[in-house]
Amino acid sequence: MVNPRKLILHCPGGYRPELDPMIDAWIRERVEYVGIVGRDVETIYRVFEDKLCSVYHPGASSEAARRSDGSDYFMWPMAHADEDSLQDAIDHAHGLTGYFAGPVTEVVEF
């Protein structure tokens, strides 16, 4: 199995509308995991939810992850707690197992 593409989105300045086209591009590129850390994490997470037909939830069945277009692509945007650091988010992503095992492929500063 090929490792999923995993990103960490570091937003120390919080949400800005310029983030939306980046999220759209990640969806088109079929990025599978985005760890979100920084300010406005819950707002940013909701943007991901609004744009995705299916958001991965740990423990969900593969059928629950099926999109309305029939594909089984899904993304797991992970909202980290306010007190989590960038390194905490990276460490968490590196520690994922199963389908999401593998290295972080990119840290995006926004």
Side-chain angles (χ1 to χ4, degrees):
M1 172 172 61
V2 175
N3 286 333
R5 183 160 175 222
K6 296 194 304 189
L7 306 178
I8 302 298
L9 175 60
H10 185 220
C11 297
Y15 173 76
R16 296 188 317 268
E18 298 85 6
L19 180 59
D20 290 30
M22 293 171 65
I23 295 172
D24 292 336
W26 294 335
I27 293 169
R28 281 192 308 276
E29 295 167 6
R30 300 176 73 87
V31 169
E32 295 174 336
Y33 175 86
V34 179
I36 309 162
V37 65
R39 287 187 45 224
D40 300 334
V41 168
E42 289 301 320
T43 299
I44 295 166
Y45 179 83
R46 282 192 300 278
V47 172
F48 275 93
E49 277 190 323
D50 290 346
K51 290 180 174 290
L52 291 165
C53 294
S54 181
V55 173
Y56 175 79
H57 297 283
S61 70
S62 59
E63 192 58 37
R66 189 160 300 283
R67 291 170 42 117
S68 60
D69 66 4
S71 74
D72 58 3
Y73 165 70
F74 55 87
M75 178 190 287
W76 181 10
M78 171 67 186
H80 286 271
D82 290 342
E83 64 272 6
D84 286 353
S85 69
L86 173 58
Q87 190 60 53
D88 291 333
I90 293 169
D91 291 345
H92 179 268
H94 280 296
L96 294 174
T97 61
Y99 181 80
F100 293 99
V104 171
T105 55
E106 188 176 354
V107 174
V108 178
E109 293 287 339
F110 182 78

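The side-chain heavy atoms of V47 and L19, taken from C-beta on, include no pair separated by under 4.5 Å. Side-chain contact between D40 and C11 is absent, with no heavy-atom pair separated by less than 4.5 Å.
To the nearest 0.5 Å, the span separating CD on E106 from NZ on K6 amounts to 14.0 Å. Rounding to the nearest 0.5 Å places CG of D20 at 4.5 Å from NZ of K51. The CG atom of L7 sits 15.0 Å away from the CE atom of M78 when rounded to the nearest 0.5 Å. Separation of atoms CG (D88) and NE2 (H92) is listed at 10.0 Å; rounding is to 0.5 Å. If you take CG on D84 and CD1 on I36, they are separated by 12.0 Å, rounding to the nearest 0.5 Å. Note that the NE2 atom of H94 and the CD1 atom of I8 stand 7.5 Å from one another [nearest 0.5 Å].
By the 30° and 60° cut-offs, the orientation of the rings of W76 relative to Y33 is perpendicular.
With L9 as the fixed residue, the side-chain contact (heavy atoms from CB on, under 4.5 Å) test singles out one of I44, V41, I23: I44.
Under the salt bridge (Lys or Arg N to Asp or Glu O under 4.0 Å) criterion, no residue pair touches residues 91-104, with sequence neighbours excluded.
The main-chain N or O of E32 is never found under 3.5 Å from a side-chain atom of R5 such that the two would form a donor-acceptor pair.
Under the side chain to side chain contact (heavy atoms under 4.5 Å, CB included) criterion, R16 pairs with E18, F110, sequence neighbours left out.
When every heavy atom of A79 is checked against every heavy atom of E42, the shortest pair comes out as CB-OE2, 3.9 Å.
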